[in-house]
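Written below as structure tokens is the structure these notes are about.
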Amino acid sequence: MALVKISQILEGKCTEQKVTVRGWVYRKREGKALIFLVIRDSTGVIQSTIKKDSPCWNDAQKLTIESSLILTGTAREDTRAPGGFEIGAEAIETVGLAENFPISKDKSEEFIRDMRHLWLRSRKMNLVMKVRAEVLEAAREYFKKQTFTEVSPPMFISAAVEGGSTLFALKYFEQELYLTQSSQLYLEILMYSLENVYCIAPSFRAEKSRTIRHLTEYWHMEGEWAFADMNDLMAFEEGLMAHICQTVAAKCEKEFKELGADIEKVKAVKTPFPRITYKEAIQRLKPKNPALDWGADLGYEDEKVLAEDFGKPFFVYDYPTAIKAFYCKTYKDHPEVAMSVDMMVPRIGEISTGGAREDNKDLLIQRMKEQGLKPEDYEWYLDLRRYGTVPHVGFGMGLERLLVWMLDLENIIDAIPFPRTTRRFYP
RNA sequence: GCCGCCGUUGCACAGCCCGGUAGUGCAACUGACUGUUAAUCAGUAGGUCAAAGGUUCGAGUCCUUUCGGCGGCGCCA
């Protein structure tokens, strides 16, 4: 008798062997002389059959949906069983008898969200979380291969990275602090020691966005490196994206299939990505949106039009300086253009923003003042330009947005186990 | 921030336009059924119709306000 995972049985590795599985009751179908228990564990679901004359008949009868159990029986191939394999049960040890489980086949979005702590047991969430873990692993693999060092930036911060209006303020003893919106500025500090640095950490934004692609707490994959330019940046970003897509497509074929996600789209992600300038984007969009002139930010609708044209990830770069953050480096001969780049994907729009950082102290101060920021709030940031400044670039990619695109999810809340939106933060 | 939609039993919904006894399915409970695929069949029980106010002989239904939820745009990753 061997303790096995359900996936091993489904792969045909235990056929005609006596096995023990540990898990939970996923479905129960009861007849007069036959009970079907569908058992789930972390690796999959399998049906087990209990006959009336079996010593575990009484135990099986008492079991309820989501009860935990240890079940022993003979694994066999049977075309009548969903999945093609089943366990003929011989012994059942009930570990935790479940009360009437609130989630049934009839469920609304709203109810599922209220029951998040239980819904995470669903096949869908189980599969999404596995793919999420693979994306994280693949990302780390790529950063490491490119000689980046993973660092740990703070979540409590004293000054804004983006506009102050989207900051979460909180009481920190007797003072006011904020939750970080991006770790970029801290990566820049560490870059002066480690050169190539990255982090995978949460970012918090108090945007009252009501869309399927916004969270107030999301996971941000950010990188920053010294002695690099816009070409290096785009090459790195597309390399990262392609590596994640290729790795995940290779490892998660089963998950994509069960989720009904289009794996071919992910397999097709290869370098190089199409690159167009902001100016070219405006020209392309002009026929459809005549009101769009140079200087205006691209709206979500504009991004969607571009993205559908390409049908795959692509870059838009060289945006007007006026619509970009204070730290964006500008072109010497064209200060109205900033070295900024967005990666976009169909349906979602932006999944990443990056660019060259202003490395000249005086220009940086000037940009701060233009945007109404006080340079004295950023003394430490200015110090970075005082002591051995270097040209450098960086970017941030939204992990959940990436997952929404990869897995064709209907809403970003399903890309993270415990979503925080403007209205929801339970459990 | 602007706009739209929704709230009826544990869950999913109908009833609202056109006011007149609160309905169906799932789950629960009782029973039937040798292979089911979130089975099927018979039965039982389950309701402050989100809240408050108004109109009316009479409001789940019409009006007003509030609360809660979802989404579109804006903002962004």
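Below, chains carry the letters A, B, ... as their sequence lines are ordered, and counting in each starts from 1.
Using cut-offs of 30° and 60° on the angle between ring planes, the pair A:Tyr381 and A:Phe326 is perpendicular.
Minimum atom distance to the side chain of A:Leu34 is reached by B:G35, of the listed B:C76, B:G71, B:G35. Minimum atom distance to the side chain of A:Lys208 is reached by B:G1, of the listed B:G1, B:C75, B:A27. The side chain of A:Arg80 sits closest to B:U36 out of B:A28, B:U36, B:C33. Of the listed nucleotides (B:G35, B:C75, B:A77), B:C75 has the atom at the smallest distance from the side chain of A:Thr211. Of the candidates B:C26, B:A77, B:A12, B:A77 carries the atom nearest the A:Tyr218 side chain, counting heavy atoms from C-beta on. Of the candidate nucleotides B:C73, B:C76, B:A77, B:A77 has the atom nearest to the side chain of A:His220. With B:U36, B:G71, B:A77 as the choices, the nucleotide that has an atom nearest any side-chain atom of A:Ile212 turns out to be B:G71. With B:C11, B:A12, B:C73 as the candidates, the nucleotide lying closest to the side chain of A:Lys304 is B:C73.
Using a 4.0 Å heavy-atom distance criterion, A:Gly83 is classed as making no nucleic acid contact. In this structure, A:Asp342 reaches neither bases nor backbone, as no heavy-atom distance under 4.0 Å exists between it and the strands shown. Residue A:Asn411 is in sugar-phosphate contact alone, with no base atom involved, counting any heavy-atom pair closer than 4.0 Å across all strands shown. As judged by a 4.0 angstrom heavy-atom cut-off over every strand, A:Arg213 is placed among the base-contacting residues. Nucleic acid contact for A:Ile351: sugar-phosphate only, since backbone atoms but no base atoms lie under 4.0 Å from a heavy atom of the residue. A:Leu215 comes within contact range of at least one nucleobase, with a heavy-atom separation under 4.0 Å. Residue-level contact check: A:Phe111 touches the backbone only, with heavy atoms under 4.0 Å from sugar-phosphate atoms and none from bases. Within 4.0 Å of A:Glu86, counting heavy atoms only, lies at least one base atom of the nucleic acid. As judged by a 4.0 angstrom heavy-atom cut-off over every strand, A:Pro102 is placed among residues making no nucleic acid contact. Heavy atoms of A:Glu110 sit under 4.0 angstrom from primed sugar atoms or phosphate atoms, though from no base atom. Nucleic acid contact for A:Gln47: base, since at least one base atom lies under 4.0 Å from a heavy atom of the residue. Counting any heavy atom pair closer than 4.0 Å across all strands shown, A:Ser209 reaches a base atom. The residue A:Ser352 sits close only to the backbone: its heavy atoms come under 4.0 Å of sugar-phosphate atoms, none of a base.
Comparing the same atom, C1', in B:G20 and in B:U61 gives a spacing of 11 Å after rounding to whole Å. Taking the P atoms as reference points, B:A51 lies 13 Å from B:G7, given to the whole Å. Comparing B:G1 with B:G46, their P atoms are spaced 45 Å from each other, to the whole Å. Between B:A39 and B:A27, the distance separating the two P atoms is 7 Å to the nearest Å. Rounded to the nearest Å, the gap between the C1' atom of B:U8 and that of B:C2 is 31 Å.
Computed from coordinates, the A:Ile413 CD1 to B:A77 C1' distance equals 17 Å when rounded to whole Å. With rounding to whole Å, A:His214 atom NE2 is found 8 Å from B:A77 atom C1'. Atom NZ of A:Lys105 is separated from atom P of B:C26 by 7 Å (rounded to the nearest Å). In this entry the distance linking NZ of A:Lys324 with C1' of B:C75 reads 12 Å, nearest Å. As rounded to whole Å, 15 Å separates atom C1' of B:A27 from atom CD of A:Glu66. When the C1' atom of B:C33 is taken as reference, atom CD1 of A:Ile35 falls 13 Å away, rounded to whole Å. In this entry the distance linking CH2 of A:Trp119 with P of B:A12 reads 13 Å, nearest Å.
Under the Watson-Crick or G-U wobble criterion, with both distances below 3.5 Å, B:U36 has no partner in any strand shown. Both distances falling under 3.5 Å, in either a Watson-Crick or a G-U wobble arrangement, place B:G25 opposite B:C11. Applying the Watson-Crick and G-U wobble criteria (two distances, each under 3.5 Å), B:G20 pairs with B:C57. Nucleotide B:G1: paired with B:C73 (Watson-Crick or G-U wobble, both distances less than 3.5 Å). Base pairing analysis places B:C41 opposite B:G31; the two distances defining the Watson-Crick or G-U wobble pair are each below 3.5 Å.
Taking a centre distance below 5.5 Å and an interplanar angle below 30 degrees as the stacking criterion, A:Tyr300 does not stack against the six-membered base ring of B:G74.
Ion pair A:Lys18/A:Glu90 flagged as a salt bridge, since at least one NZ, NE, NH1 or NH2 atom sits closer than 4.0 Å to an Asp/Glu carboxylate oxygen. Salt bridge absent: A:Arg275 and A:Asp318 never bring a charged side-chain N and a carboxylate O closer than 4.0 Å. A salt bridge does not link A:Lys288 with A:Asp302: every distance from a Lys NZ or Arg NE/NH1/NH2 to an Asp or Glu carboxylate oxygen is 4.0 Å or more. Using a 4.0 Å cut-off between a side-chain N of Lys or Arg and a carboxylate O of Asp or Glu, A:Glu150 and A:Arg140 qualify as a salt bridge. Salt bridge annotation for A:Lys251-A:Glu134: present, with a cationic side-chain nitrogen under 4.0 angstrom from a carboxylate oxygen. A:Asp408 has no carboxylate O lying under 4.0 Å from a charged side-chain N of A:Arg347, or vice versa, which leaves the two without a salt bridge. A salt bridge links A:Glu264 to A:Lys267: one of the charged nitrogens lies within less than 4.0 Å of a carboxylate oxygen. Between A:Lys28 and A:Glu66 there is no salt bridge, since none of the side-chain N atoms of the basic residue sits less than 4.0 Å from a carboxylate O of the acidic one. Ion pairing of A:Glu86 with A:Arg80 is absent here, as no side-chain N (NZ or NE/NH1/NH2) approaches a carboxylate O to less than 4.0 Å.
Remark: A:Arg27 is not in phosphate contact with B:U36, judged by side-chain N or O atoms under 4.0 Å from OP1 or OP2. OP1 or OP2 of B:A77 sits under 4.0 Å from a side-chain N or O of A:Arg205. Dashed line: the shortest gap from a side-chain N or O of A:Ser104 to OP1 or OP2 of B:C26 is not under 4.0 Å.
At a cut-off of 3.5 angstrom, the base of B:G25 holds at least one donor-acceptor pair with the side chain of A:Asp106. Applying the 3.5 Å distance criterion, the base of B:G72 shares no donor-acceptor pair with the side chain of A:Arg210. Within 3.5 Å, a donor on the side chain of A:Arg401 pairs with an acceptor on the base of B:C76, or the reverse.
A cation-pi arrangement is absent between A:Lys107 and A:Trp119 under the rule of less than 6.0 angstrom and at most 45 degrees off the ring axis.
Scanning residues 414-427 of chain A for heavy-atom distances under 4.0 Å to RNA chain B yields A:Arg423, A:Arg424.
Nearest-nucleotide assignment on RNA chain B puts the 5′-proximal partner with A:Phe101, out of A:Phe101 and A:Tyr26.
More than 12 heavy-atom neighbours from other residues, nucleotides or ligands sit within 6.0 angstrom of OH on A:Tyr331.
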